[in-house]
Amino acid sequence: MNVAIFTEVLPPYVSGVSTYANVLKKGLESRGHRVILVTSALNKEQASIKRGIVRCPAKRSGNKFGYECRNIHDEHVIRFMDKFRPDIVHILTDTKIGYMGLYIADRLQCPVVFSVTDNYADRFASKNPIVWRIKTFFEKRHFCDMIDNAQVITSTNKRAALFIRSVGRRRKVLLTPVATDKRRFDYNNSNNEANMKIRRKLGIPRSATVAVFAGDLSLAKRLDSIINTFKRRLKYDDNIHFLMVGGGTETAYLKSLCAKYHLNDRVHFAGVLSNSLMPEIYSACDIYVSAAEDGLMSMSFAEAMACGLPVLVKEDEEKYVYSMIKDGVNGFAYKSEKDFVRYLKKLSYFENDEREKLKYIVRNSLKGINSTHMAKCMEKVYANARKAFNVHITFEKGL
């Protein structure tokens, strides 16, 4: 099967979407399929293809990624796709690359699979309610266009069905697993000396317990709540540090909050790092944390857990906590700020031998969660899409 996957970002951009696309490609190829990833790239004047990746010229944008494809009708991409002749178009974003995917599917008459990776209403933050409403209106329109033009909708979390209903659509969502490259993300590939070197570069003490988050520093991640917790409930003597890896619309605000609370010695910003560096980063930390209540894509969870990090995630009212987390075994779901602090402190008291045992247990809990399993599940999704493809795709023009 020929599969064309459209994603606005790929590694080295650190996000669940970029990692998901990369891992899915490897999994599908291991199953004998031909896969092309179509993405955008800054500082590129003409679309090019190399090692199964088509990179389109991009421009700066106010979206959550910071940039987007310039031209959804790029003649070079069309030429590549005409030659490749995809059997399936799989879209991971409703930004311009997503619309390029719809255009290609319409042109070549092939079914579309759309994966819901976030909620359109969480992408922008503005103190001006009018600005927020205008931006959210367009984000909702883009989201609906993808839903309306896809034969099959997928997500890694059943919460996606709530997002779809919130825009007045009634569509079934097929749940698919996440995975990671466990050969790369493995704490056994690192050692204490390398871990301490990473900590020195980041300004983190050797003896500190380090909680890490990696991904978009956006409003939906609610990272300000973790910073507020450090201010209210954690003392300097607790020797617990917080590391954020990535960039996004909330970066400046989060940094200003740390400066206001005098937390710059305990809260660290690594910035946007190459995905190739993430195994080393995770191995130098002790626990992965998330305060998002409505997240969907959990690729960074899988990467961190493969490196032996237990996960501390915010529980939500609908109990849609990530299914790969086994409470008390490879992580914890906290309900309150008090619980969050209690779990952090509990882990900070572990001796070195206890931490090594925990790493083994956490990594072993991912047994069976790999790119091949992900690809097998996606094959069933693609089969459903091809079966459902009995009507002409209507492409919304004008974007």
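In what follows, every heavy atom counts, from backbone to side chain, and hydrogens, waters and symmetry copies are set aside. As the structure is a prediction and not an experimental result, all values here were calculated from the model.
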So which atom in Leu263 and which in Ile227 form the shortest heavy-atom distance, rounded to 0.1 Å?
CD1-O, 3.7 Å

Which pair of non-hydrogen atoms, one from Val38 and one from Ile97, has the smallest distance, and what is that distance?
O-CG2, 3.8 Å

Presence of salt bridge, Arg31 and Glu379, under 4.0 angstrom
yes

Whether the side chain of Ser283 engages the backbone of Glu280 through a donor-acceptor N/O pair (distance < 3.5 Å, no angle test) should be reported.
no

Can you confirm whether Asn352 is buried at CG, in the sense that more than 12 heavy atoms of other residues, nucleotides or ligands lie under 6.0 Å from that atom?
no

Side-chain heavy-atom pair Leu217, Leu254 within 4.5 angstrom cut-off:
yes

Go through His33 and Tyr382 one step at a time and tell me if the side-chain hydrogen bond (donor to acceptor under 3.5 Å, both in side chains) criterion holds.
CA-CA 12 Å; His33 303 290; Tyr382 295 159; over 6 Å; no

Answer yes or no: is there an ion pair linking Lys25 with Glu29, defined by an N-O contact shorter than 4.0 Å?
yes

Please walk me through it: do Asp339 and Arg342 pass salt bridge (Lys or Arg N to Asp or Glu O under 4.0 Å)?
CA-CA 5 Å; Asp339 286 340; Arg342 178 165 60 89; 3.2 Å; yes

Between Asp216 and Lys221, is there a salt bridge with N-O shorter than 4.0 Å?
no

Can you confirm whether the side chains of Ser190 and Asn195 place a donor and an acceptor under 3.5 Å from each other?
yes

Do Asn149 and Val112 pass the side-chain contact (heavy atoms from CB on, under 4.5 Å) test, and can you show the C-alpha distance, the side-chain angles, and the key distance before you say yes or no?
CA-CA 7 Å; Asn149 288 295; Val112 173; 5.9 Å; no

Looking at Arg183, I'd like to know if its CZ atom is crowded, meaning that more than 12 non-hydrogen atoms belonging to other residues, nucleotides or ligands lie closer than 6.0 Å.
no

Side chain to side chain, Phe213 and Phe242, heavy atoms closer than 4.5 Å:
yes

About how many Å separate CZ of Phe6 and CG of Asp94, when rounded to the nearest 0.5 Å?
14.5 Å

Determine whether Thr39 and Glu8 make a side-chain contact, defined as any pair of heavy atoms from C-beta on separated by less than 4.5 Å.
no

If you look only at pairs with a residue in residues 169-179, which of them pass as a side-chain hydrogen bond (donor to acceptor under 3.5 Å, both in side chains), with sequence neighbours excluded?
Asp148-Arg169

Summary of ring-ring contact (aromatic ring centres under 6.0 Å, His included) pairs that have at least one residue in residues 253-287, sequence neighbours excluded:
His241-His268

Could you pull out the closest heavy-atom pair between Gly66 and Asn63, with the gap in Å?
N-OD1, 2.9 Å

side-chain contact (heavy atoms from CB on, under 4.5 Å) between Val341 and Tyr334, intermediate numbers included
CA-CA 9 Å; Val341 173; Tyr334 69 94; over 6 Å; no

Grouping I, L, V, M, F, W and Y whenever their side-chain heavy atoms are under 4.5 Å apart, do Tyr187 and Val212 come out in a common cluster?
no

Do Glu354 and Lys357 pass the salt bridge (Lys or Arg N to Asp or Glu O under 4.0 Å) test, and can you show the C-alpha distance, the side-chain angles, and the key distance before you say yes or no?
CA-CA 5 Å; Glu354 293 176 310; Lys357 290 179 182 178; over 6 Å; no

For a 4.5 angstrom cut-off between non-hydrogen side-chain atoms, does Lys197 reach Arg200?
yes

Can you find a heavy atom in the side chain of Val35 that is under 4.5 Å from one in the side chain of Lys26?
no

Check this for me, if you would: do Glu45 and Arg70 make a salt bridge, where the nitrogen-to-carboxylate-oxygen distance has to be below 4.0 angstrom?
yes

Between Thr154 and Val152, is the side-chain contact (heavy atoms from CB on, under 4.5 Å) condition met? List the steps.
CA-CA 7 Å; Thr154 78; Val152 174; 4.1 Å; yes

Could you walk me through whether His73 and Tyr103 pass ring pair (Phe, Tyr, Trp, His ring centres under 6.0 Å), step by step?
CA-CA 8 Å; His73 302 109; Tyr103 173 73; 4.5 Å; yes

Taking C-beta and beyond as the side chain, do Leu10 and Thr19 meet within less than 4.5 Å on heavy atoms?
no

Is a side-chain donor-acceptor pair under 3.5 Å present for Ser218 with Glu250?
no

Please assess Glu68 against Thr95 for the test side-chain hydrogen bond (donor to acceptor under 3.5 Å, both in side chains), listing each intermediate value before the final yes or no.
CA-CA 7 Å; Glu68 65 183 3; Thr95 52; 5.8 Å; no

SB check Asp238 Lys235 (cutoff 4.0 Å):
no

More than 12 foreign heavy atoms under 6.0 Å from NZ of Lys255: is that the case here?
no

Inspect the contact between Asp327 and Lys335 and indicate whether a charged nitrogen and a carboxylate oxygen are less than 4.0 angstrom apart.
no

Against Asp286, only a single residue in Lys345, Lys346, Arg199 fulfils salt bridge (Lys or Arg N to Asp or Glu O under 4.0 Å); can you say which?
Arg199

Going by atom types only, do Ser256 and Lys260 share a side-chain donor-acceptor pair under 3.5 Å?
no

Give a yes-or-no answer on whether the side chains of Ser115 and Thr117 include a donor-acceptor pair shorter than 3.5 Å.
no

Heavy-atom side-chain contact between Ile88 and Pro111 under 4.5 Å
yes

For the residue pair Pro310 and Phe332, establish whether any side-chain heavy-atom pair is separated by less than 4.5 Å.
no

Is there a donor-acceptor contact under 3.5 Å linking the side chains of Asn239 and Thr209?
no

So for atom CZ, which belongs to Phe350, do other residues, nucleotides or ligands contribute more than 12 heavy atoms lying within a distance under 6.0 Å?
yes

Classify the side-chain pair Ser300/Tyr288 by whether it contains a donor and acceptor separated by less than 3.5 Å.
yes

